[in-house]
Enquirer: 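Here's a structure for you.
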Amino acid sequence: MSILIYKTENELMEKAIQAEGKSFKELDRKGRLTNQKSKGGLGQIIEESFFGYKVNSNAKPDFEELEIELKVTPFKVNKNGQLSSKERLVLNIINYVEEVNFDFDNSSFWKKNKKLLLMLYKWLPKIDRADYIIYKSMLFTFPDSDLEIIKKDWELIVTKIRQGKAHELSEGDTNYLGACTKGANKSSLRTQPYSDTPAMQRAFSLKQSYMTTLVRKFLKNEELVSFAKNEELHSKTLEEILYERFSPYIGLSDEEMANKLGERYNKKSKSFIPSLISSLLGIKGTRLEKIEEFAKANIQFKTIRLEPNDVPKESMSFENIDFHQWVEESWEESELREKFITTKFLFVIFQYNENKSQNPERKLYFKGINLWNMPLSTIDNEVREVWNEANRLLTVGLNIEYKKRGEKIIESNNLPKVGFNGVAHIRPKGKDGNDKTTLPNGQVITKQCFWLNNKYVAEVINESMNQ
DNA sequence: GCATGATCATGC
DNA sequence: GCATGATCATGC
């Protein structure tokens with residue numbers, strides 16, 4: 001059903017702006033807040049009570065004549081005061097069988113989501129959702145450069161369906177437009193056209209990282225710096241542009257790279273490699289968090305230093321583990337799973353020319369980059385096994401032992417070790433012997449963190465280098 | 001040489 | 001003071 005009372009964008013926006021400052025309780029005229037617990041509930045209140053049209057699951061935009069789709073979505077205030085989108089913005093469900101027959105201009109995504117009327121409300125912890133307040137209503141159209149990236153994202157998603165891999169689609173596969181799973185549980189399965197394997201239902205979505213940049217831009221006027229030129233994006237993917245920018249430096253030592261880029265050679269500085277990266281992207285001095293494409297696509301950089309035998313000496317560490325959180329979450333909603341699903345890693349790969357025992361002053365040479373996200377099957381198998389095993393031990397209690405080694409007391413535990421499954425393990429990471437944490441069952445242990453095995457990282461790198 | 005635990009250095 | 005990235009040290 002279309003709404004003819006809004007004949008122009010201006011009329012619609014005049015109305016939409018009237019919701020600013022109002023709570024959902026004030027706007028709800030149909031008692032949805034009290035009767036229903038469905039997650040789409042807040043959006044439905046706006047549709048029904050505020051704009052006065054019936055909730056539908058139409059393939060056309062909500063305001064059809066204006067080609068505008070309504071989206072009601074939350075943002076939050078972080079501990080440091082920065083704003084973030086609370087969630088990814090879930091758009092229309094992907095019909096695997098049909099989407100492969102379209103080109104981008106005729107795709108279900110583009111037909112429905114060309115223009116978005118975004119109504120941002122502020123999410124607060126432990127507050128009744130009836131009291132959430134609409135902060136800002138705005139009409140959003142995709143900037144040209146974003147649209148180029150989104151087109152390629154859409155094409156990648158469709159290509160994967162055409163390869164019979166709809167069930168392997170992961171949000172990290174793409175940059176701004178994702179294919180996120182959407183369904184109550186594993187029983188929300190759909191058929192796909194080029195494989196007999198049923199695939200979880202998925203929807204097109206704008207990544208949470210993409211939405212966060214919108215929130216910061218429109219509520220705080222925060223601007224980012226982009227490295228890709230509009231013209232380049234017509235013909236190349238973001239990945240291709242990145243590889244192109246880095247390739248002139250392959251084979252140089254880190255010192256030669258710094259010289260060529262006019263950067264100070266200071267390998268001890270934590271910002272040395274980040275400075276090289278922004279310089280070589282043509283935006284010298286920009287902090288990596290302020291790079292538009294990295295922020296929107298949630299691209300996180302990691303330096304890798306390979307030994308002469310092509311394996312990094314050390315495993316790759318991540319954040320400290322909050323075990324209280326681990327035991328409370330289900331795997332499906334766990335922060336660990338979410339992290340690997342939503343993060344793309346930019347591996348900046350160097351290699352030592354000699355072993356340290358041969359020459360302590362050995363040099364480091366730039367070998368290339370790899371833009372990588374963990375395959376969904378690895379996340380849901382090996383990473384999950386580590387998570388499961390840790391959670392099992394947290395329930396039954398860890399074996400924590402103390403042994404004397406010379407003057408020192410060494411603490412050890414039975415959390416999954418590097419030999420556990422070839423992908424990941426858990427290991428201590430404290431700043432000294434007193435850097436402890438308390439487990440949910442009261443046990444006290446040195447702070448632990450999640451690691452990707454050095455050999456697994458080596459496999460990932462070697463695969464990418466041989467492509 | 002590898003596995004495992006310990007701890008350093010930097011930056012906010 | 002703490003998080004994060006990086007690396008060290010010991011024992012098998």
Side-chain angles (χ1 to χ4, degrees), chain A residues 78-82 254 264-278 285-290 299-325 335-336 339 343 345-352 354-364 386 389-390 393 398-439 443-459:
Chain A
N78 301 332
K79 280 187 204 122
N80 62 9
Q82 273 198 311
D254 55 354
R264 228 181 107 228
Y265 181 56
N266 180 7
K267 57 179 171 179
K268 285 212 172 148
S269 165
K270 257 194 169 171
S271 56
F272 174 55
I273 307 283
S275 319
L276 292 187
I277 295 175
S278 44
T286 307
R287 297 159 53 94
L288 298 192
E289 317 84 79
K290 294 284 179 195
I299 293 172
Q300 200 190 320
F301 108 98
K302 289 268 186 190
T303 312
I304 292 176
R305 294 169 178 81
L306 299 174
E307 293 293 318
N309 69 356
D310 294 342
V311 179
K313 179 167 184 300
E314 304 293 341
S315 294
M316 184 181 281
S317 72
F318 293 85
E319 292 86 349
N320 272 340
I321 296 173
D322 179 349
F323 288 108
H324 291 270
Q325 196 178 349
E335 194 177 84
L336 187 66
K339 182 192 174 72
T343 310
F345 294 96
L346 172 64
F347 291 148
V348 180
I349 307 158
F350 293 87
Q351 186 160 34
Y352 289 109
E354 295 167 282
N355 287 315
K356 196 167 189 178
S357 54
Q358 293 172 306
N359 177 8
E361 300 302 312
R362 63 197 176 146
K363 280 183 154 186
L364 199 54
V386 172
E389 175 62 5
L393 292 168
L398 254 62
N399 282 338
I400 304 174
E401 289 175 359
Y402 299 92
K403 283 180 205 141
K404 257 195 146 171
R405 183 201 278 170
E407 299 289 286
K408 288 200 181 104
I409 306 283
I410 303 294
E411 174 191 296
S412 70
N413 66 59
N414 57 337
L415 286 164
K417 305 267 173 277
V418 75
F420 182 71
N421 67 11
V423 170
H425 64 281
I426 295 173
R427 236 166 78 202
K429 191 167 93 168
K431 69 178 194 298
D432 56 40
N434 298 318
D435 207 10
K436 308 268 188 184
T437 182
T438 306
L439 301 179
Q443 288 179 297
V444 175
I445 187 176
T446 302
K447 283 181 184 166
Q448 306 282 317
C449 97
F450 183 88
W451 302 72
L452 288 183
N453 297 0
N454 58 342
K455 283 184 184 159
Y456 175 68
V457 174
E459 282 171 32

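Everything numeric in this text was worked out from a predicted model, so none of it was measured.
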Enquirer: Does any part of the side chain of A/Lys313, heavy atoms only, come nearer than 4.5 Å to the side chain of A/Arg305, both counted from C-beta?
Expert: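 No. Closest side-chain heavy atoms not under 4.5 Å.
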Enquirer: Please report the shortest heavy-atom distance between A/Lys356 and A/Arg362, naming the atom on each side.
Expert: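 Scanning both residues completely, I find the closest heavy atoms to be N-NH1, 3.4 Å.
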Enquirer: What nucleic acid atoms does A/Lys431 come within less than 4.0 Å of, heavy atoms only: base, sugar-phosphate, or nothing?
Expert: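 Answer is base: heavy atoms of A/Lys431 come under 4.0 Å of a base.
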Enquirer: Does any N or O in the side chain of A/Asn414 come within less than 3.5 Å of the main-chain N or O of A/Asn399, such that one atom is a donor and the other an acceptor?
Expert: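 Indeed, once roles are kept as given, a pair shorter than 3.5 Å links the two residues.
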Enquirer: Return whichever of A/Arg405 or A/Phe301 has its heavy-atom-nearest nucleotide of DNA chain C closer to the 5' end.
Expert: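 In this pair, the answer is A/Phe301.
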Enquirer: Do the ring planes of A/Trp451 and A/His425 sit parallel (below 30°), tilted (30 to 60°) or perpendicular (above 60°)?
Expert: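 Aromatic pair A/Trp451/A/His425 classed parallel.
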Enquirer: If you pin A/Lys268 and A/Asn434 to their nearest nucleotides in DNA chain B, which one's is more 5'?
Expert: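 Closer to the 5' end of DNA chain B: A/Asn434.
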Enquirer: Please check this pair: side chain of A/Asn80 against backbone of A/Gln82, looking for a donor-acceptor N/O pair closer than 3.5 Å.
Expert: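 Judged by distance alone, yes, a pair lies under 3.5 Å.
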Enquirer: Using a 4.0 Å heavy-atom cut-off, does A/Lys447 contact any base of the nucleic acid, only the sugar-phosphate backbone, or nothing at all?
Expert: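 The residue A/Lys447 makes sugar-phosphate contact but no base contact.
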Enquirer: On DNA chain C, does the nearest nucleotide to A/Asn320 precede the nearest nucleotide to A/Lys313 from the 5' side, or the other way round? Give the residue.
Expert: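 Residue closer to the 5' terminus by nearest nucleotide: A/Asn320.
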Enquirer: Return the 5'-most residue of the pair A/Gly433, A/Lys455 with respect to DNA chain B, ranking by each residue's nearest nucleotide.
Expert: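 Counting from the 5' end, the first nearest nucleotide belongs to A/Lys455.
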Enquirer: Flag the pair A/Glu335 / A/Asp322 as yes when at least one side-chain heavy-atom distance between them is below 4.5 Å, and no otherwise.
Expert: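 Not in contact.
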Enquirer: With a 3.5 Å distance limit and no angle check, can you tell me whether A/Gln351 reaches the backbone of A/Glu307 through a side-chain donor-acceptor pair?
Expert: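 Yes, A/Gln351 side chain to A/Glu307 backbone: donor-acceptor pair under 3.5 Å.
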Enquirer: Under a 4.5 Å cut-off applied to non-hydrogen side-chain atoms, are A/Arg427 and A/Ser315 in contact?
Expert: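 Touching, per the 4.5 Å side-chain cut-off.
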Enquirer: NA contact type, A/Lys356, heavy-atom cut-off 4.0 Å: base, sugar-phosphate, or nothing?
Expert: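 Answer is sugar-phosphate: A/Lys356 comes under 4.0 Å of backbone atoms only.
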Enquirer: Can you give me the first and the last nucleotide of DNA chain C (5' to 3') that has an atom within less than 4.0 angstrom of a non-hydrogen atom in chain A?
Expert: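 Range of nucleotides within reach of chain A: C/dA3 to C/dG11.
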Enquirer: Give, ordered by number, those residues of residues 406-413 of chain A having at least one heavy-atom distance below 4.0 Å to an atom of DNA chain B; if nothing qualifies, reply none.
Expert: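 Contacting residues: A/Lys408, A/Ile409, A/Ile410, A/Glu411, A/Ser412, A/Asn413.
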